[in-house]
Amino acid sequence: MSEDEFAVYQSLGEESEDHRWAFGTGFTDPLEGVDPSVPPGVDAAALAAYCLMLGDDALIYSHRLQQWMTRLPELEEETALANIALDLLGQARMLLARAGQAEGAASGGTGRGEDQLAFFRDEREFRNVRLAEHLDADFAELTGRLLVFSAWRLALCGRLAASADPVLAAIAAKSARELAYHRDYAAQWVIRLGDGTPLSHRKMQAALEVIWPLAGELFQPDPVAARLPGVAADPADLREEVDGVLGTVLAAATLDRPRAAPLARVAGKAGRDGVHTEAFGYLLAELQSVARAHPDATW
Amino acid sequence: MVAMAAVTEPGVTETAVSAPAELQAHFDRTLERGRRIEPRDWVPDKYRATMIRQIAQHAHSEIIGMQPEGNWITRAPSLRRKAILIAKVQDEAGHGMYLYSAAETLGADRADLTARLISGRQKYSSIFNYPTLSYADVGVIGWLVDGAAICNQVPLCRSSYGPYARAMVRICKEESFHQRQGYELLLTMMGGTAAQRAMVQDAANRFWWPSLMMFGPPDDQSPNTAQSMAWGIKRHTNDELRQRFVDMTVPQADKLGVTLPDPELRWNDERGHYDFGPVDWDEFMAVVKGSGPCNAERIARRKAADDDGAWVRAAAAAHAAKHKAAGHAEGAA
């Protein structure tokens, strides 16, 4: 047995920063080396709230995809959806970190870190849209929901790439490249399922009927975005682009556009106001359980 | 099988010979010279069957191995650790894919191998039938389980079967990063709170003995070892590799500040190795035979994914067939 065969194992106790991975790198501080300042004239508190809501969308959506791991129809889908979950988690980390920086700038102190924001806020403090927290009943809901979400988020990030906040602009530009892949992946599956067998067609159409009511919230006017001219995007502006993409995909998939009405709000409030679905409490309980059981721990 | 190799592989018939005795002699010479067997080469039926079984069981282990660690992804206590764990579990799916592909070069079929896994006709590494009970288990699996896997697998980079050997080079490289990440998590936790240190010790207590079992039964109870070593698909005996693992791991446990749960574990100057206590082979056999703490649920999960995905795979096939037919029609017009 030669020594060099086991060199890798033996070097375990030595210090090394050589963490290369098959898929993706860079797991340390998500905004390392980035100038944290908020540009003059930008409402820092509003910027913090805006980054938080977009970060929450990605964090919670990623969680729902993580729950699918080891349960997917093929190994290719395991790697693809893990990849998408990892991309969204990466977006969440950068956006929450930016939210913390802006929060610090607004208060003149130090803002919260990504883990403080992810693990130590309560349900009503989360600002994600309800579409992000939906629990997919089957693979048709998974792909249909991913198509709507990624088409919308790609349209959004495409606009935010020109944001007056350079950090948000850079995050959005990176995210847009990832989301183009997510949208393409989802679209291909919606088409395969819609135009596959009679059974898959029925399931895909039924999935769209479930998801459609949740899409309305994506385009509603948002008071936080309204406080950030030149920095944020107006949600209403995204509808035409997203509708166009969805129309093209549904036509290729031989599916009908659902006519379902948007899900009603609760006393005028929805996800962006911290009013979520019943399923969300369980999601957060799972996400936060270990971190909250050991609040003084370092991981 | 003999005739098929000679007839359906035109590249082989030119240079190679058609009589089984001469094919066998050619195969033996290839192994003697330490050369690799490639998919186009004639191989004895038993070599093919053994190789398919070895690669398939390795692939199954990667896929089933996603479950115990995947159990902690949604509860990972920091976003950085969550990203690391997702990437690791994703790597395991990738390893499974290229191992199934390597098995397919020998004439196997992924769907058929999956059916054999689900029906219990093919096994996977029995370590994955143990439960993961705290976040420290993620680190200990990286350190001990991936560590034992590396000890088992590094020699397989020199396997006589080319596609497997090449897959192993890539897999071992990635496994070593997984192991490093696991060890780094444990170092961090040991520097944290008393509860975290207790968690690490508890995880090490639970995974130490099953890790030693990963090398298989003792040499005097391992009937296939001699044939596998002659064929160059196994390079060291189970006991050699187990000893090697213990010798490398004890200093790492010391550095962590973890006590390995074996009162007989001590350095033997005369042998130049660590002595260690007896492994509970009854427990090992019980787990291998299906009575492990998680055997039923691991297979049930894999089966559910396969069953629930059947309509999706059927839809993808139907869609592809429609478009192939449409393509042909266009070409004809």
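- The side-chain heavy atoms of A:E78 and B:M97, taken from C-beta on, include no pair separated by under 4.5 Å.
- When A:R292, A:K203, A:Q288 are compared by the number of non-hydrogen pairs under 4.5 Å with chain B, A:K203 comes out ahead.
- For A:L72, the part lying near chain B is the backbone, with the side chain staying farther off; criterion is any non-hydrogen pair under 4.5 Å.
- Both the backbone and the side chain of B:A316 come within contact range of chain A, with heavy atoms under 4.5 Å apart.
- Heavy-atom pairs under 4.5 Å with chain A peak, among B:S78, B:G191, B:C157, B:G309, at B:S78.
- Contacts of B:I63 with chain A are made by side-chain atoms alone, with heavy-atom separations under 4.5 Å and no backbone atom involved.
- Proximity to chain B (any heavy atom under 4.5 Å) is shown, for A:A293, by neither the backbone nor the side chain.
- Evaluation of the side chain to side chain donor-acceptor pair (under 3.5 Å) rule for B:W311 yields no partner, not counting sequence neighbours.
- At a heavy-atom cut-off of under 4.5 Å, chain B is reached by A:W189, A:I191, A:R192, A:L193 from residues 186-194 of chain A, listed in order of number.
- Using a 4.5 Å cut-off between heavy atoms, B:R75 touches chain A through backbone and side chain atoms alike.
- For chain A, the nearby parts of B:Q67 are the backbone and the side chain; heavy atoms of each come within less than 4.5 Å.
- Both the backbone and the side chain of A:A297 have a heavy atom closer than 4.5 Å to some heavy atom of chain B.
- Of the listed residues (B:I73, B:I86, B:T188, B:L79), the greatest number of heavy-atom pairs within a distance under 4.5 Å of chain A belongs to B:L79.
- The pair A:R71-B:D308 does not meet the salt-bridge criterion, since no charged nitrogen lies less than 4.0 angstrom from a carboxylate oxygen.
- With a 4.5 Å cut-off on side-chain heavy atoms, B:M199 and A:H294 count as touching.
- Looking only at atom types and distance, the side chain of A:T79 has no donor-acceptor partner in the side chain of B:Q90 under 3.5 Å away.
- Proximity to chain B (any heavy atom under 4.5 Å) is restricted, for A:S289, to the side chain, taken from C-beta onward.
- Using a 4.5 Å heavy-atom cut-off against chain B, the contacting residues of residues 52-60 of chain A are A:L59.
- Looking at A:L81, there are no atoms closer than 4.5 Å to chain B (heavy atoms on both sides), in backbone or side chain.
- Looking at B:R110 and A:E76, a side-chain N of the basic residue comes within less than 4.0 Å of a carboxylate O on the acidic one, giving a salt bridge.
- With sequence neighbours excluded, no residue forms a salt bridge (charged side-chain N to carboxylate O under 4.0 Å, His left out) with B:D254.
- Contact annotation for B:T193: only side-chain heavy atoms (C-beta onward) come within less than 4.5 Å of a heavy atom of chain A.
- Of the two parts of B:A317, neither the backbone nor the side chain holds a non-hydrogen atom closer than 4.5 Å to a non-hydrogen atom of chain A.
- Ranked by non-hydrogen atom pairs under 4.5 Å with chain A, the options B:M66, B:R302, B:K82 are led by B:K82.
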